[in-house]
Every structure is written in structure tokens, then in C-alpha cells.
Amino acid sequence: MRPQMVLFGDSITQQSFGSAGWGAALADAYCRKADVLLRGYGGYNTRWALFLLHHIFPLDNTNPPVATTIFFGANDAALFGRTSERQHVPVEEYGDNLKIMVQHLKRLSPIMLVVLITPPPVDEDGRMEYAKSLYGEKAMKLPERTNEMTGVYARQCIETAKDLGVPFIDLWSKMQETEGWQKKFLSDGLHLTEEGNAVVHKEVVEVFSVAGLSSEEMPYDFPHHSQIDAKNPEKTFQQQQCLAQPL
């Protein structure tokens with residue numbers, strides 16, 4: 001059975017299997033080597049995501065994922081008192097919720113690679129422009145998220161990862177290293193463009209590779225066609241079965 005890798009997060013994860021999405025690129029990179037499973041839930045914050053843990057990652061699972069990315073925070077960081085306040089989660093609770101998720105996954109499998117990803121930066125002007133394109137004069141007068149506050153949540157995500165000893169991707173800082181990141185990486189001030197998806201994909205692949213899960217080093221689930229004995233294919237697959245048998 002192929003190893004599994006789970007992408008757990010909000011809409012930025014949910015959209016990752018779209019055209020040029022970072023999740024789709026990951027699935028392509030691990031084609032025939034691992035199954036990349038999408039578990040993205042648009043609009044969710046960490047408080048709501050906790051209710052999904054035992055459904056997506058049951059503790060009695062005898063074949064747990066080898067790796068899981070946890071990519072929440074963009075909704076938790078929505079400002080209280082603004083149009084998306086129902087999604088707001090205080091930053092201390094956000095950190096606690098991430099800790100609960102990581103500890104649950106480590107109980108499921110102590111050797112599972114768990115990677116925390118910070119929310120991306122926010123382009124406040126881009127959020128306002130997007131709202132006006134949808135609602136015209138009825139659009140919000142103030143952005144429902146700010147880059148400054150999202151940075152507070154990004155730092156909490158990093159602090160939690162360090163406390164728990166798990167790897168992290170500081171997407172909030174990484175994207176802002178590039179001039180013009182607001183339009184280059186973000187389609188509506190929050191969600192990712194093709195270039196933004198490429199940044200996430202590159203960072204995830206790098207963390208996976210450092211942890212020993214490089215796609216280049218992982219075996220195919222079944223032989224490459226060039227290895228099949230055309231005159232006696234049964235022999236090839238019998239050998240494969242023998243290799244797959246536990247010692």
C-alpha cells in the first residue's frame with residue numbers, strides 16, 4: 001500500500017488541487033509513490049477544525065499518514081469587529097489549537113512528519129478591491145484582515161512549532177521577501193496565484209525532502225514498465241510481492 005500524505009487546512013489548502021495548485025503539484029511529484037490526500041475546508045478556523053480531527057485522523061487507524069501539513073491561521077486572524085469576525089479566534093487559543101492538532105497526530109503515529117505552515121501575508125488593498133468587485137458600494141469600508149495582525153498569528157504558529165519540535169514553513173515572511181508580493185503571490189489579497197502556489201509547493205517539498213521523504217528517493221509502488229520482463233511478466237510481479245512481504 002502506498003504511503004499517504006495529508007494536506008489539512010482551510011481554503012488555501014482546499015484550492016490547492018485546482019489548476020497549478022500546490023497540492024496538485026505535490027500529488028504529481030509523488031505520483032506512483034505516495035497518495036496525497038486533500039483535506040481542506042474553506043472558511044474554517046482552528047477552533048472548528050478540531051471537530052474534524054477524530055474523523056480525519058482516527059486514533060485506531062492502522063495505516064496512518066507518513067506526513068501531514070497543518071495550514072490554518074488565515075481565518076483565525078480575521079479581525080474582531082469587522083465583517084469576518086465570526087471566524088476570529090484569539091491568538092492564544094490559535095496556538096493551543098495547533099498544539100492539540102500536533103499532539104493528536106503524534107499520538108496516532110509518533111514517527112509521522114507534521115509540518116506547520118503559517119498563514120500567508122495579507123494585501124489589505126487587494127482585499128478591498130476584491131470586495132468592491134463583488135459588492136460594489138455595499139462592500140466593506142475597512143479590510144477584515146490586516147497583514148500586521150496576520151503576522152502575529154504567523155509568529156504564534158512558529159513559536160508553537162518550535163515548542164513542539166516540529167518543522168514549520170514561515171510563509172508570511174517568505175513571500176514578503178519578494179518585491180511586489182501583493183499582486184505576484186495573492187489573487188485577492190489572501191488566496192494564492194499560480195506563483196504563490198509555486199512558493200508553497202517548493203517549501204513543502206524542501207521540508208519533506210529534509211525529513212527523508214524526497215520523491216526521488218521513494219520507490220514506485222509497482223515496477224517501472226522498463227523493468228517488466230515482457231516474456232515472463234509474472235516473474236517480475238512475483239519478485240515485487242516477495243520484496244513487499246514483511247520480514
*Just wondering, more than 12 heavy atoms not from Glu177 lying within 6.0 Å of its CD?*
yes

*asked:* On a heavy-atom basis, which atom in Lys33 and which in Pro219 lie closest, and how many Å separate them?
replied: CG-O, 3.5 Å

_Whether Lys184 side chain and Glu195 backbone form a donor-acceptor pair below 3.5 Å_ = no

_Polar side-chain atom of Thr193 near backbone of Gly196 as donor-acceptor pair, under 3.5 Å_ = yes

*Keeping the roles fixed (side chain from Asp123, backbone from Gly189), state whether a donor-acceptor pair exists under 3.5 Å.*
no

*Return yes if some donor-acceptor pair links the side-chain N/O of Asp28 with the main-chain N/O of Ala24 below 3.5 Å, else return no.*
no

*asked:* In the structure I gave you, are the side-chain heavy atoms of Ser84 and Leu79 within less than 4.5 Å of one another anywhere?
replied: no

*Do you see a donor-acceptor pair shorter than 3.5 Å between the side chains of Glu129 and Ser133?*
no

*asked:* Nearest 0.5 angstrom please: Leu108 CG to Ile56 CD1, how far?
replied: 12.0 Å

*Any donor and acceptor pair, going by atom type alone, linking the side chain of Thr69 with main-chain N or O of Val115 inside 3.5 Å?*
no

*Kindly say whether Glu144 contributes a backbone atom to a donor-acceptor pair with the side chain of Arg127 at under 3.5 angstrom?*
no

*Do Gln176 and Asn147 have side-chain atoms, one donor and one acceptor, less than 3.5 Å apart?*
yes

*Polar side chain donor-acceptor pair, Ser214 to Glu216, under 3.5 angstrom*: yes

_Note: Arg2-Asp221 ion pair, threshold 4.0 Å (strictly below)_ = yes

_Could you tell me if the side chain of Val91 sits less than 4.5 Å from the side chain of Arg155, heavy atoms only?_
no

*asked:* Side chains of Val204 and Ile169, heavy atoms from C-beta outward: is any pair under 4.5 Å?
replied: yes

*What is the distance from atom CZ of Phe17 to atom CG of Leu38, rounded to the nearest 0.5 Å?*
5.0 Å

*Hey, what do you get for CD (Glu234) to CD1 (Ile228), rounding to the nearest 0.5 Å?*
13.0 Å

*Under a 4.5 Å cut-off applied to non-hydrogen side-chain atoms, are Glu206 and Lys202 in contact?*
yes

*Parallel, tilted or perpendicular, as decided by the 30° and 60° cut-offs, for the rings of Phe222 and Phe237*: tilted

*For Asn75, does its backbone N or O pair with a side-chain atom of His88 as donor and acceptor, under 3.5 Å?*
no

_Whether Asn45 side chain and Gln87 backbone form a donor-acceptor pair below 3.5 Å_ = yes

*asked:* Taking the side chain as everything from C-beta on, heavy atoms only, tell me whether Thr46 gets closer than 4.5 Å to Ile100.
replied: no

*Can you name the ring-ring contact (aromatic ring centres under 6.0 Å, His included) partners of Tyr44, sequence neighbours left out?*
Tyr41

*Can you tell me if Trp22 uses its side chain to pair, donor with acceptor, with the backbone of Ile12 under 3.5 Å?*
yes

*Can you run down the ring-ring contact (aromatic ring centres under 6.0 Å, His included) pairs that involve residues 151-200, sequence neighbours left out, and say none if there aren't any?*
Tyr94-Tyr153

_Does the structure place the NZ or CZ of Arg32 under 6.0 Å from the centre of the six-membered ring of Tyr220, at an angle of no more than 45° from the ring's axis?_
yes

*Do the side chain of Thr118 and the main chain of Leu171 share a donor and acceptor less than 3.5 angstrom apart?*
yes

*Are Glu124 and Arg145 close enough, and set up right, to give a salt bridge (Lys or Arg N to Asp or Glu O under 4.0 Å), and what steps lead you there?*
CA-CA 7 Å; Glu124 294 152 39; Arg145 294 166 172 81; over 6 Å; no

